[in-house]
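Read the numbers this way: they start at 1 and go in the same order the structure lists the ligands and their atoms. In this text the structure is predicted, and so the values were computed from the model without any measurement. Residues take their numbers from the sequence shown, with the count starting at 1.
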Amino acid sequence: MEYDVIVVGGGPAGIAAALGASRTGAKTLLIEEYSFLGGMLTAGLVAHYDPVQQIEVSGIAYEIYEKLKSAGAIKEFDQNNEPMPFNYWQGGCGIDSEYFKLLAFSLMKEANVSLLLRTVMINAITDNNKLIGIEVHNKSGNQIIKAKCFIDATGDGDLAAYSGAEFFEGYTEDGQCMASSLCFNIGGVNVEELYNYIENNPAELGNHPTQGKYIRNVHKASIIQGFYSLIEKARECGDLSFSLPESGIGMVQLPISGTFHINAVRLPNKNPIDGNDMTELSIIEHSYVNELYKFIRKYIPGCQNSFIMSIAPQVGVRESRRIKGEYVLSVEDIEKGVNFADSIVRNKWAHTDMHSGTGMGWSFRFIEGPFYIPYRSLIPQKIDNLLICGRCISATREAMASIRIMPICSEIGEAAGVAAAIAVRNDCVPRAIDISELQTVLTNYGVRI
Ligand SMILES: Cc1cc2nc3c(=O)[nH]c(=O)nc-3n(C[C@H](O)[C@H](O)[C@H](O)COP(=O)(O)OP(=O)(O)OC[C@H]3O[C@@H](n4cnc5c(N)ncnc54)[C@H](O)[C@@H]3O)c2cc1C
């Protein structure tokens, strides 16, 4: 089997990379370890598609948003007359992640992307800094698959790391990676009762002890986050034994009435690229979900008849490897809005969303944009025919905390896919392509750069 472009990892970045490469004429294969695509959006049940980026989000990230919207697979909140920039909790939408799986398959089919599912990439075959092939494992056993160009969209930077690329890890800099969280969805919520409670107890929500008040209008808020006094009460009664993040319990309303996504549990001091740590995380966080769900039913008004609809197939990983590339994007670049000559992503504004790795702390900071991502952050040092995209691109921790949200990962992925196709077409390595050609193709696809 030989392809022009192989994309490893079918999350928001990998989906866009495969579409970008195939639509630009490359014979493309997308490899994914699950039997469905979506990455954190589906396997992690991360249901919140960032609001603010939608205003400026473009290309495949916007196409996905529009398609979800036209299918009724989005719970959107009217943001008219909200002061700008409105914040993360106030705006945005809840996504039906099951529908997203169907959409992802139809997008792949339309673009003629070949798929290899339930397949894990386990090794890289290199020769003098050139990536020749990858070794994958599935029910057929181990196989080697070759391509002219590869894209690492694994989130964890597995392919780049296996190829020998250097990388940063959160915990090598300051002893921690952001904590991982097991998300779940509940149904059967009496929304009116829940919102009445919140309206009558405004201090319960978005009133973060150190970060200030975020939610202006609960009826417009896509994320309702807090429930501080209820948590306190349950603790006193012995109904909550584990620690919750200082932001409290996050609930995102989903398109089907009475259904919510819950993001709250976490276990500090674990390494997301360590098999034993991930096993421990999975076991312990499932027990936390069990306890939290009982808490939700007993304490949160409107949730007394709720039930668990689904628990994410995997613990959601916020941070692991960041591959060292030709350029390391910094938060100062984002703050100053440095407009790189090789910019491939432009977004209106950013936020750094850092969750503690050693405790339950959390810091959140808004950065007014625009900000840009350079193509060089997608090119690993040394390895020639490999591009990286999504949350593992070359960036500092704080910059990664800004670019890791799904629409931006998708925008980065699209650029990587188009760049790989151009490299194959011009018979050169990705770092040698003509940047203006890449930018022209992206612009023609409707991407703002
Ligand atoms: C708890 C939590 C809450 C979040 N909240 C939000 C939010 O509200 N809004 C937002 O926009 N973002 C949010 N994020 C961030 C966002 O979900 C991720 O940063 C984003 O999904 C990263 O996209 P990606 O495509 O780079 O990686 P991923 O989404 O992780 O996708 C990687 C894909 O690669 C596959 N893969 C990995 N290794 C291999 C391998 N070796 N072989 C084969 N396949 C492999 C995986 O199965 C997966 O499908 C949140 C993340 C978490 C964990």
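Not close to ligand 1: Asp156, with no non-hydrogen atom less than 4.0 angstrom away. Heavy-atom separations between Gly44 and ligand 1 are all 4.0 Å or longer. Ligand 1 is never approached by Gly413 to a heavy-atom distance shorter than 4.0 Å.
Within the 4.0 Å heavy-atom criterion, the part of Asn263 lying near ligand 1 is the side chain and not the backbone. At a heavy-atom distance under 4.0 Å, no atom of Tyr49 approaches ligand 1. At a 4.0 Å heavy-atom cut-off, ligand 1 touches Ile405 through backbone and side chain alike. Only the backbone of Thr119 comes within contact range of ligand 1, with a heavy atom under 4.0 Å; no side-chain atom does.
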### Task
In sequence, state the C-alpha distance, the side-chain angles, and the governing distance for Glu414 and Ile60, and then conclude on side chain to side chain contact (heavy atoms under 4.5 Å, CB included).
CA-CA 7 Å; Glu414 182 170 5; Ile60 290 166; 3.5 Å; yes
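Each of the atoms 25 (O), 31 (O), 33 (C), 49 (O) of ligand 1 lies under 4.0 Å from some heavy atom of Gly11. Listed by number with element, the atoms of ligand 1 under 4.0 angstrom from any heavy atom of Val317 are 53 (C). Within ligand 1, counting atoms from 1 as listed, the ones closer than 4.0 Å to a heavy atom of Ala153 are 32 (C), 33 (C), 34 (O). Counting the atoms of ligand 1 from 1 in the order shown, those under 4.0 Å from a heavy atom of Ala13 are 25 (O), 26 (O). Those atoms of ligand 1 that come under 4.0 Å of a heavy atom in Met121, given as number and element, are 40 (C), 41 (N), 42 (N), 43 (C). The distance from ligand 1 to the heavy atoms of Glu33 drops below 4.0 Å at these ligand atoms: 36 (N), 37 (C), 38 (N), 39 (C), 43 (C), 44 (N), 45 (C), 47 (O). Residue Ser181 has at least one heavy-atom neighbour below 4.0 Å for each of these atoms of ligand 1: 1 (C). Residue Arg318 has at least one heavy-atom neighbour below 4.0 Å for each of these atoms of ligand 1: 1 (C), 2 (C), 52 (C), 53 (C).
Between Phe260 and Tyr195, the ring planes are tilted. Angles from 30° to 60° get that label. Ring geometry for Tyr65 against Tyr62 counts as tilted: the plane angle lies between 30° and 60°, on a 0 to 90° scale. Below 30°, between 30° and 60°, or above 60°: for Tyr327 and Phe340 the angle between ring planes is above 60°, a perpendicular geometry.
Inclusion of Gln314 in the set of residues having an N or O under 3.5 Å from an N or O of ligand 1 is not warranted. In terms of N/O distances under 3.5 Å, ligand 1 is not approached by Tyr34.
We find the CD1-CG distance between Ile231 and Leu240 to be 7.0 Å, quoted to the nearest 0.5 Å. Atom CD in Glu63 sits 8.5 Å away from atom CG in Leu103 (nearest 0.5 Å).
Using a 3.5 Å distance cut-off with no hydrogens or angles, the side chains of Thr154 and Asp156 do not pair a donor with an acceptor.
Between Arg318 and Asp353 there is no salt bridge, since no side-chain N of the basic residue sits under 4.0 Å from a carboxylate O of the acidic one. A salt bridge is absent between Arg346 and Glu411: the closest approach of a Lys/Arg side-chain nitrogen to an acidic carboxylate oxygen does not fall below 4.0 angstrom. Taking the charged nitrogens against the carboxylate oxygens, Glu291 and Lys294 have no contact shorter than 4.0 Å, which rules out a salt bridge. Salt bridge absent: Glu285 and Arg266 never bring a charged side-chain N and a carboxylate O closer than 4.0 Å.
Nearest-residue assignment for atom 52 (C) of ligand 1 (options Val120, Ile273, Val46, Leu182; heavy-atom criterion): Val46. Taking all heavy atoms of Arg404, Met40, Arg266 into account, the minimum distance to atom 14 (N) of ligand 1 is reached by Arg404.
Listed for the Glu319 side chain is no donor-acceptor partner under 3.5 Å among the backbone atoms of Cys177.
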